[in-house]
Amino acid sequence: MATPLRVLVVDDNPTMRDGLALGLKRAGFPVELARNGEEALRRIHPGTFDIAVVSLHLSGMGCPQFLARLKAVDPALPVLLTTGPGASGEALALGAFDVLPQPFTPEELTAAMQKTLISEEHLQTTELAEAPLLLTRDRALGEVLALARRAADSRATILIQAERGAGKEMLARLIHGSSPRHSGPFVTFNCAALPEDLLEAELFGLEKGGRPGSAAKTGAFEQADGGTLVLEAVEALPLGLQDRLLRVLQDRTVERVGGSRAIPVDVRLISLSSRDLLADVKAGRFAEDLYYRLNVIPLNLPPLRERLGDLELLAAHFAERCARENDRAVPSLAPSFLAALARHPWTGNLRELENVIQRCVVLNQGHRLSQQDLRWLLPPEAFEGLPADPVQDAAGSWAPPAPDPPPGEERPLPPGAVVADPRKPLVGLALGTPVVLPLGLSLPELERFWLLSTLSALKGNRTHSAAQLDIALRTVRNKINEYKADGFAIPPSTRGGE
C-alpha cells in the first residue's frame, strides 16, 4: 500500500485551516498546520512534505514572498493555492502553481492535490537553478513558460533567445526536466569556447587516427544520445560547421572527424543565443537553412528590466537561499530596498540580481535590507524621493514611523516597553515585549543580549530559540559555549537533555 502524502496546510484563517486539516485527516493524509509563512518556513526542509496547500491571501510576509522563499528552501515541493471566489487569475499570475477556488469539497481538494503533483513532477529535483525563472507575475514570461512546457513532450528543436543572465540555460533545464527525456543525459556545449579545429571534434567526435596520433573521442552529440543537447552561443558556430550541424539534424546521424561511418543519434537539440539570429542571417553570418531548422519552437525571455514586478519574488528567493548557505538570519526586505532595486537597469538580469542580493545579505548587520544596503550599487540621485521605511513591530507587521517629538521633548516609550541593561539579559519576560537599549552597543553585545534573553523567554529551549531568531541550532550551541567560557549565566533548559 502506498504511503499517504504528507501535507502542510498554510492558512491564517483558523476556520479554513482547521477545516482543511479535518478533511485531509479523514481522507488518511498526515497533516501539519502553519498559521503564517514564517511558521511554515521553520517547518519546511527538503523532503519533509509531499505537498503544501497554501492560502493565496496570507497576512504577514504575503503569499508571493512566501512562495519565493519556499522555492529557495525546497524547490521540489509542489504547491496548491487555495483562493477566494473569483481570485484564480491573481493566483495564476504567480507562475507555476495549481489553483483551487473556494468553496470546494473534500473530493475536489484531493483531486486538485493529485493534479498538482502530476503538473509539478518536473520539479522533483534538488536543483535550485530553475526556481528563479518560475517565480513570476509577468504575463509575457508566463506565456513563454507555458509554451515551453507544451513543447517539452515533442522532439522539435527549440531556439531560446535572451540577453545574458536572463535564464536561457535555466529554461533549457526546465524543458529537459519536463520532457520524456528527463532521465537521459543533459549536455551543454559552448560554441564560443573553442577554436574551430577543436570545436569540430568536441561537437561531432573524433575517430582514432582521424588526426595524427589521435585517440577515438565521442563528441557532444553522442554524449547526449537519448537526452538533450544544449548549444550555448550558437551564433558563434563557424559557417563550415553550421553545414555539418544541419546534416546531423536532417539525417539524425553524426560522422566523427576522420571517420566515414554514420552513427545514429537520438538527441533533442536546444540552441541558446544572446543575439538576434535573424539579423545575423540577413547579414550573412548565419546559414538561413540552419536558422529555420533550429527555430521550430522560438522562445524569447524578457529581460529583468521589463518584469520589475518580479523583483520582490526574486529578491526574497535569493535572500533566503544566500542566508541559509551562509548560516545567517534571513532578512526582511524593506519597501525602500525594493523601490531602489526598481531604479537599477539590470543589464546583467537574474545573474546580476543574485550577485547584488548575495552581497547585501553577507554584508548586512541587521535583519532587514533597506535602501542603505544599496548605496554602492546606485548613483546618489537614484535615492531621491524614496519613501522612509515603516517600522516593523515585534509581530512582524509594518507600521508608519512615529512622528518626531516637538523640540526639547523626548520620544515617549512604546506601551509596555522595558528599559534594559545590555549587560543583564532579560529574565521572565514574554516574546514580543518592546525593549529599549542604549545606542553605541557593539554587535557582539547586542547578539549576546538578544540570544540570552530569548533563551530565557523560551525556558532555555535551544531548538525553539534558534527557530525564533532564524539562526542555525549549532550557532546557538556554539554561542552558549562561548558565553559560558566568558562567565555569563545561561538560562537552564526545562527539557534537561538539550
Side-chain angles (χ1 to χ4, degrees), residues 127 129 151-152 154-162 164 168-177 179-275 277 280-281 283-297 299:
E127 291 283 344
S154 71
R155 299 184 61 172
T157 57
I158 294 176
L159 175 61
I160 303 174
Q161 297 186 97
R164 287 183 174 86
K168 296 187 292 295
E169 186 176 338
M170 291 181 200
L171 183 55
R173 287 184 180 276
L174 176 63
I175 293 168
H176 173 75
S179 75
R181 299 172 178 267
H182 62 86
S183 59
F186 180 85
V187 178
T188 60
F189 185 88
N190 192 331
C191 299
L194 296 170
E196 183 172 353
D197 58 334
L198 295 178
L199 191 66
E200 184 177 24
E202 293 293 329
L203 184 57
F204 301 109
L206 179 64
E207 202 63 79
K208 183 178 180 179
R211 288 177 181 163
S214 66
K217 179 181 180 61
T218 57
F221 269 99
E222 291 179 73
Q223 295 168 23
D225 189 36
T228 301
L229 174 61
V230 177
L231 296 183
E232 298 183 40
V234 69
E235 73 277 359
L237 200 64
L239 285 171
L241 297 188
Q242 291 180 27
D243 290 338
R244 284 205 65 178
L245 176 58
L246 182 59
R247 289 198 301 275
V248 172
L249 294 176
Q250 289 172 338
D251 301 339
R252 298 192 180 278
T253 61
V254 63
E255 286 185 12
R256 295 179 179 178
V257 175
S260 58
R261 61 192 179 99
I263 303 172
V265 287
D266 175 21
V267 172
R268 174 31 151 352
L269 188 68
I270 301 177
S271 303
L272 314 182
S273 179
S274 299
R275 297 240 298 261
L277 272 193
D280 283 1
V281 169
R285 293 188 295 267
F286 201 86
E288 184 175 19
D289 287 350
L290 179 60
Y291 170 77
Y292 288 113
R293 176 71 70 169
L294 298 179
N295 195 38
V296 175
I297 306 292
L299 299 174

Asker: Check Ala236 against Ala192 and note the closest heavy-atom contact, atom names and distance.
Answerer: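 Where Ala236 meets Ala192 most closely, the heavy atoms are CB-CB, 3.7 Å.
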Asker: To the closest 0.5 Å, what do you measure between CG (Leu245) and CZ (Phe221)?
Answerer: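 The distance works out to 5.0 Å.
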Asker: To the nearest 0.5 Å, how far apart are CZ in Arg268 and NE2 in His176?
Answerer: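 Rounded to the nearest 0.5 Å, the CZ-NE2 separation comes out at 10.5 Å.
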Asker: Tell me, with the steps shown, if Lys217 and Glu202 meet side-chain contact (heavy atoms from CB on, under 4.5 Å).
Answerer: CA-CA 8 Å; Lys217 179 181 180 61; Glu202 293 293 329; 3.0 Å; yes
Asker: Are the side chains of Thr253 and Arg261 in touch, meaning some heavy atoms are under 4.5 Å apart?
Answerer: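 In short, these two side chains do not touch, never coming nearer than 4.5 Å.
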Asker: Distance check, rounded to the nearest 0.5 Å: Ile270 atom CD1 versus Ile158 atom CD1?
Answerer: 5.0 Å
Asker: Heavy atoms only: give me the nearest Glu235-Leu272 pair and the separation to one decimal.
Answerer: OE1-O, 4.0 Å
Asker: Does the side chain of Val230 reach to within under 4.5 Å of the side chain of Arg173, using non-hydrogen atoms?
Answerer: no
Asker: Roughly how far, to the nearest 0.5 Å, is CG of Leu246 from CG of Asp289?
Answerer: 6.0 Å
Asker: Which pair of heavy atoms, one from Phe189 and one from Ala220, lies closest together, and at what distance?
Answerer: CD1-CB, 3.9 Å
Asker: Given side-chain contact (heavy atoms from CB on, under 4.5 Å), test Arg181 with Arg155 step by step and report yes or no.
Answerer: CA-CA 10 Å; Arg181 299 172 178 267; Arg155 299 184 61 172; 3.7 Å; yes
Asker: Does Arg164 have more than 12 heavy atoms from other residues, nucleotides or ligands lying within 6.0 Å of its CZ?
Answerer: no
Asker: Do Val267 and Val248 come close enough that some side-chain heavy atom pair is under 4.5 Å?
Answerer: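 Sidechains of Val248 and Val267: no contact.
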Asker: I'd like to check Leu249 versus Leu290 (side-chain heavy atoms, cut-off strictly below 4.5 Å). Are they in contact?
Answerer: yes
Asker: To check you understand the geometry: which heavy-atom pair defines the closest contact between Leu294 and Ser271, and what is its length?
Answerer: CD2-OG, 3.6 Å
Asker: Does Leu237 form a side-chain contact (heavy atoms from CB on, under 4.5 Å) with Leu203? I'd like the steps, not just the answer.
Answerer: CA-CA 11 Å; Leu237 200 64; Leu203 184 57; 4.2 Å; yes
Asker: Could you check whether any side-chain heavy atom of Asp280 comes within less than 4.5 Å of a side-chain heavy atom of Tyr291, counting everything from C-beta outward?
Answerer: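 Side-chain contact under 4.5 Å: no.
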Asker: What I'd like to find out is whether the side chain of Ser274 reaches to under 4.5 Å of the side chain of Lys168, using heavy atoms alone.
Answerer: yes
Asker: Does Asp225 reach the main-chain N or O of Asp266 with its side chain, forming a donor-acceptor pair under 3.5 Å?
Answerer: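 Yes; judged by distance alone, with no hydrogens or angles, the pair exists.
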Asker: Regarding Glu255 and Arg247, does a basic nitrogen lie under 4.0 Å from an acidic carboxylate oxygen?
Answerer: no
Asker: Kindly indicate, with the supporting measurements, whether the criterion side-chain contact (heavy atoms from CB on, under 4.5 Å) is fulfilled by Val281 and Tyr292.
Answerer: CA-CA 10 Å; Val281 169; Tyr292 288 113; 5.8 Å; no
Asker: Identify the two heavy atoms, one from Arg244 and one from Val257, that lie closest to each other, and give their separation to 0.1 Å.
Answerer: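 In this case the closest contact between Arg244 and Val257 is NH1-CG2, 3.8 Å.
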Asker: In Å and rounded to the nearest 0.5 Å, what is the CG to CZ distance from Leu269 to Arg293?
Answerer: 11.0 Å
Asker: When you compare the side chain of Val234 with that of Leu277, does any pair of heavy atoms fall below 4.5 Å?
Answerer: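 When only atoms from C-beta onward are counted, Val234 and Leu277 do touch, with a gap below 4.5 Å.
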Asker: If we only count heavy atoms from C-beta on, is the Ile175 to Leu299 side-chain gap below 4.5 Å?
Answerer: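 Heavy-atom side-chain distance check passes, below 4.5 Å.
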Asker: Just how far is it from atom CD of Glu169 to atom CG of Asn190, taken to the nearest 0.5 Å?
Answerer: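 Glu169 atom CD to Asn190 atom CG measures 10.0 Å (nearest 0.5 Å).
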Asker: Taking all atoms of both residues into account, what is the closest heavy-atom pair of Leu231 and Cys191, and its distance?
Answerer: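 The answer is CB-SG, 4.1 Å.
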